[in-house]
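This report concerns only the one structure given below.
In this text, all values refer to a predicted model and were calculated from it rather than measured experimentally.
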Amino acid sequence: MSDAQFVMYTTPWCGYCKRLKSQLDREGIAYDIVDIEQQPETAAIVESANNGNQTVPTLVYTDGTAQTNPSVAQVKAKLDELEQLGA
């Protein structure tokens, strides 16, 4: 695991995932990525965060909370919250 504070669960065909990845890269925000099609056992994590649906992008943070299809502003706000909590 890297110094990333969240994992982004994604698929190769997800346009929302590509957009968010591009925005995060532009902002210099570190993240780990998991393709739920390449690692199907991880789809259960996405489903548990989304009422049984495989909705991506789903971000799971170091504190165990998740966001589904967040904006880059929402990601930044969550990272600020984690920093304040010392997570």
Side-chain angles (χ1 to χ4, degrees):
M1 186 94 160
S2 71
D3 61 351
Q5 292 191 352
F6 63 91
V7 176
M8 181 190 305
Y9 293 88
T10 184
T11 61
W13 47 264
C14 171
Y16 296 111
C17 301
K18 290 177 184 175
R19 184 188 72 213
L20 183 57
K21 285 187 242 180
S22 171
Q23 292 170 339
L24 294 170
D25 291 345
R26 204 170 27 250
E27 294 291 328
I29 297 172
Y31 56 95
D32 291 324
I33 215 154
V34 174
D35 180 339
I36 66 170
E37 290 186 346
Q38 295 297 314
Q39 298 178 38
E41 68 280 4
T42 62
I45 297 167
V46 173
E47 290 170 358
S48 71
N50 294 293
N51 299 314
N53 296 311
Q54 290 186 11
T55 307
V56 290
T58 295
L59 281 55
V60 178
Y61 293 89
T62 54
D63 67 352
T65 61
Q67 290 178 320
T68 302
N69 197 17
S71 68
V72 73
Q74 290 170 310
V75 174
K76 286 177 160 185
K78 180 62 183 181
L79 294 175
D80 287 344
E81 176 188 319
L82 289 173
E83 187 176 322
Q84 290 174 4
L85 296 173

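Within the structure, every pair that satisfies the salt bridge (charged side-chain N to carboxylate O under 4.0 Å, His left out) test and touches residues 65-79, not counting sequence neighbours, is listed here: Glu27-Lys76, Asp63-Lys78, Lys78-Glu81. Residue pairs that meet the ring-ring contact (aromatic ring centres under 6.0 Å, His included) test with at least one member in residues 46-80, sequence neighbours left out, are Phe6-Tyr61. Within the structure, the ring-ring contact (aromatic ring centres under 6.0 Å, His included) test picks out no pair touching residues 36-59 (sequence neighbours left out).
In this structure, Lys21 and Ile33 have side chains that are in contact, with non-hydrogen atoms separated by less than 4.5 Å. At a threshold of 4.5 Å between non-hydrogen side-chain atoms, the residues Thr68 and Pro57 do not count as touching. The shortest side-chain heavy-atom distance between Leu20 and Tyr31 does not fall under the 4.5 Å cut-off.
Scored by the side-chain hydrogen bond (donor to acceptor under 3.5 Å, both in side chains) test, Thr10 finds no partners at all (sequence neighbours excluded). Under the side-chain hydrogen bond (donor to acceptor under 3.5 Å, both in side chains) criterion, Asn69 pairs with no residue, sequence neighbours left out. Not counting sequence neighbours, the partners of Thr11 by the side chain to side chain contact (heavy atoms under 4.5 Å, CB included) test are Trp13, Cys14, Ile36, Glu37, Val56.
Put simply, the side chain of Asn53 gets close to the backbone of Asn50: a donor and an acceptor are under 3.5 Å apart.
How far OG1 of Thr42 is from CD of Gln38: 10.0 Å, rounded to the nearest 0.5 Å. Atoms CD1 and CE, on Ile29 and Met8 in that order, are 9.5 Å from each other to the nearest 0.5 Å. In this structure, CG on Leu24 lies 10.5 Å from CZ on Arg19, to the nearest 0.5 angstrom.
Under the side chain to side chain contact (heavy atoms under 4.5 Å, CB included) test applied with Val7, the options Thr58, Val34, Ile45 reduce to a single match, Val34.
Lys18 and Pro12 make their closest contact through CE-O, 3.1 Å (heavy atoms, listed as atom of the first residue, atom of the second, distance).
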